[in-house]
Protein chains: 2
Amino acid sequence: MSVEANESRGPVRRVTAAEVAQGAGVSRSAVSRAFTPGSYLDADKRTRILKVAEQLGYRPNRLAAGLQGRGRSNLVAVLVGQLANHFDSDFQAILLEGLAAMGKWPLVILAAPEMIEEDILGVLGFPLDALILRGGSVGAPVVDYCSKLGIPLVVSGRVMDLPGVDSVCGDNIGGAEAAVGALIARGRRQIGYLGGPADLFSDAERRAGFHSAIAQAGLLPAATCSADYSFEGGYAAVAGLLGQAPALDGLFCGNDAMAMGAMAALREIHGRAVPEDISVVGFDDISIACWPGIALSTVRNDARATVAEILSLLASRLAEPQRPGRVVRIPAPFIARNSH
Amino acid sequence: MSVEANESRGPVRRVTAAEVAQGAGVSRSAVSRAFTPGSYLDADKRTRILKVAEQLGYRPNRLAAGLQGRGRSNLVAVLVGQLANHFDSDFQAILLEGLAAMGKWPLVILAAPEMIEEDILGVLGFPLDALILRGGSVGAPVVDYCSKLGIPLVVSGRVMDLPGVDSVCGDNIGGAEAAVGALIARGRRQIGYLGGPADLFSDAERRAGFHSAIAQAGLLPAATCSADYSFEGGYAAVAGLLGQAPALDGLFCGNDAMAMGAMAALREIHGRAVPEDISVVGFDDISIACWPGIALSTVRNDARATVAEILSLLASRLAEPQRPGRVVRIPAPFIARNSH
DNA sequence: GGTCTATGTGAACACGTGTGCAGATTTTGC
DNA sequence: GCAAAATCTGCACACGTGTTCACATAGACC
């Protein structure tokens, strides 16, 4: 039987509960009960069943079990952006850990730029416990289908103010204001903003926070530009910023990688000492930021707190599907190190 | 009906094919056919069905479909290590992309240190197309169950020479030899090795390559020690290495993060100029290695080539389940930058 | 016009599970 | 010892799909 199955084409057929039942001389129900905590089953019979199951290599088929009654699949789709973004890879690890602790299985979908909507909709064929949106961008059809399919949608890193959609987002504005405040407290007056891609939610809020803090202090922005949130983007952008404001003495960057690139360019190409001649501040507090030699002053985008909120919102949504959507903001404190 | 379902407790019930059939005035078979490419179905009827399906928010349930006949779930479990390891997060992105291109859905399991075997076995309840082992460690029960369940097992980053198991691994020995060769070609004669955790496969092979190249050149190892493959570990290990060999002039590190930590410590604490006083070489060629200001000489652990082999082996295994296990080695060339 | 091929159709089946239910047995409490 | 409660058991059902099969219809060819 087993030998025969292994020689066939297509998926190898798994051992079924019926085969275990035959081997142990019990009913198939008894096999099911042996794998269902809290079921009534004679202890000796249970031992016999588990032994045969292990010999035959039987495990209940989660697909079949998930189909039945009011069970949950426990599958959670997570749409992530480019993991080359260091904040996102740190974030994902914490999220995966949290989901595992909840007994959820994460289906991770990488939102590549060329990915079309139909590819994303494809995952909705699984009866997901939730869709967590961390990266990429989704349009109305995905939101609509989630609603119709009863799949909870939790958004991270931006706010999607729609009925039944939950969002968790760092306080970008407050964090940016704190960062610029620290530059001003250092006596910096020619302060620039090196931003991320202009179409991103995070950039819009961090840029707004920059402008608000500058205005609050009665200053004008010395220089602004956009790059792609990468080290290389930050490195290359410094020339343009210095062209706009040769006397630039403070730079707030929309994320840490760009801040590191900018620091490198300032030191290596433009002969500026950081922080003596010019202060540089980043955003996110990625794991590299605290490395000696980098010691970047930055704003903490608290991945742990964000994940905790996501999971809390998810649990709450599963318990109460009709609950109104919530928006949770995570404080984004300034972290002082040596770059400013 | 839909309103009623949305008010119930537990999972919200999805729209079924039967409901679409009723709404479109056709049989349930017709609905199934509308979603099965190549099936015979009248075009007008098909249009009507797809319209009703979209209105009701119907998508075929992948769990139910996967249960049926010889279909595949297309689920692939990927066991990953700590993503704080930058090579691993780069690698994962490439792997996810490749799996998506194959039409596979990745179930990503983070192999946390405290994870017990039963947690890993849990994922085998899904009728997986494959289990890809990238991180963590698994014992005999997982390998045994994969075999019995007919789940293909592909290992990456180490060699698991077992029947039916495929492995893809960089040429750690050859890469280490090339790195040490480059140090020797630079005239370095007091050469040390800063290794990773001693129980890891990668460390054992890189260490062996170090010793073999040193012996080949008629030298003795000047200093060796082990750290935890992190920047901080490398940073802290330098004192011990210099204690063993105060005249150390070349250092081969088991991975890039440790090499970066070592460089920082050499420059900041020990007053050594890199590469003028001492050459430092890493392993893996993570994305940060080429950043200006770091410019690390290293050995390329080719994630793209590795993923390509993994996917190729997987496709081959699915086509031919009884094929003998294969071991594929990926060349690991030396990448010369400015640290040596 | 008759035969063969292609297209179309719905009923019934199978996939592998957990559960409800009726009946049987054992245990507990008075 | 009796009644009630707890435990145990297998049968049959439902879950939501894709496929097979027998039958029906339309089109092409001689």
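What you see below is based on every heavy atom in this structure, not just the backbone, and it leaves out hydrogens, waters and symmetry mates. Chain naming here is simple, since letters A, B, ... match the order of the sequence lines and numbering starts at 1 in each.
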Nearest non-hydrogen partners of Ala17(B) and Tyr58(B), listed with the distance
N-CE1, 3.4 Å
Describe the nucleic acid contact of Ser32(A) in one word from base, sugar-phosphate, nothing, applying a heavy-atom distance below 4.0 Å.
base
Strictly under 3.5 Å: I want the nitrogen or oxygen pairs between protein and nucleotides 12-14 of chain D, one per line.
none

Regarding Arg323(A) and Ser316(A), do their side chains bring together a donor and an acceptor under 3.5 Å, going by distance alone?
yes
I'd like to know if the side chain of Arg62(A) and the backbone of Gly122(B) have a donor-acceptor N/O pair within less than 3.5 Å.
yes
Are a donor atom and an acceptor atom from the side chains of Thr16(B) and Glu19(B) found within less than 3.5 Å of each other?
yes
Kindly state which residues belonging to residues 34-52 of chain A come within less than 4.0 angstrom of DNA chain D, counting heavy atoms of the residue only, listed by number.
Tyr40(A), Leu41(A), Asp42(A), Lys45(A)
Which pairs, with at least one residue in residues 117-158 of chain B and sequence neighbours excluded, count as a ring-ring contact (aromatic ring centres under 6.0 Å, His included)?
Trp105(A)-Phe126(B)
With a 3.5 Å distance limit and no angle check, can you tell me whether Ser147(B) reaches the backbone of Val143(B) through a side-chain donor-acceptor pair?
no
Tell me, with the steps shown, if Leu313(B) and Val328(B) meet side-chain contact (heavy atoms from CB on, under 4.5 Å).
CA-CA 9 Å; Leu313(B) 286 170; Val328(B) 179; 4.1 Å; yes
Considering only NZ, NE, NH1 and NH2 on the basic side and carboxylate oxygens on the acidic side, decide whether Lys148(B) and Asp144(B) come within less than 4.0 Å.
yes
Quick check against the 3.5 Å criterion: does Glu54(A) have a side-chain atom that pairs as donor or acceptor with the backbone of Lys51(A)?
no
Less than 4.0 angstrom from a charged side-chain N to a carboxylate O is my criterion; do Asp44(A) and Arg48(A) meet it?
no
Lys104(B): what forms a side chain to side chain donor-acceptor pair (under 3.5 Å) with it, not counting sequence neighbours?
Asn74(B), Asp129(B)
Which is it for Val168(A) and Ile330(A) under the side-chain contact (heavy atoms from CB on, under 4.5 Å) test, yes or no, and what are the steps along the way?
CA-CA 7 Å; Val168(A) 186; Ile330(A) 308 291; 3.9 Å; yes
Taking N or O atoms only and anything under 3.5 Å, show me the protein contacts with nucleotides 21-27 of chain D, one pair per line.
none

Once you round it to whole Å, what is the distance between P of dG16(C) and CG of Leu67(B)?
7 Å
Starting at CG of Asn61(A) and ending at P of dA14(C), how long is that distance when rounded to a whole Å?
18 Å
Grab the two heavy atoms, one from Pro106(B) and one from Val78(B), that are nearest each other, plus how far apart they are.
CB-CG2, 4.4 Å
Spacing of Leu63(B) atom CG relative to dG18(C) atom C1', expressed in whole Å:
14 Å
Rounding to the nearest 10°, end axes of the helix from dG1(C)-dC30(D) to dC30(C)-dG1(D) built from five pairs each make an angle of 20°
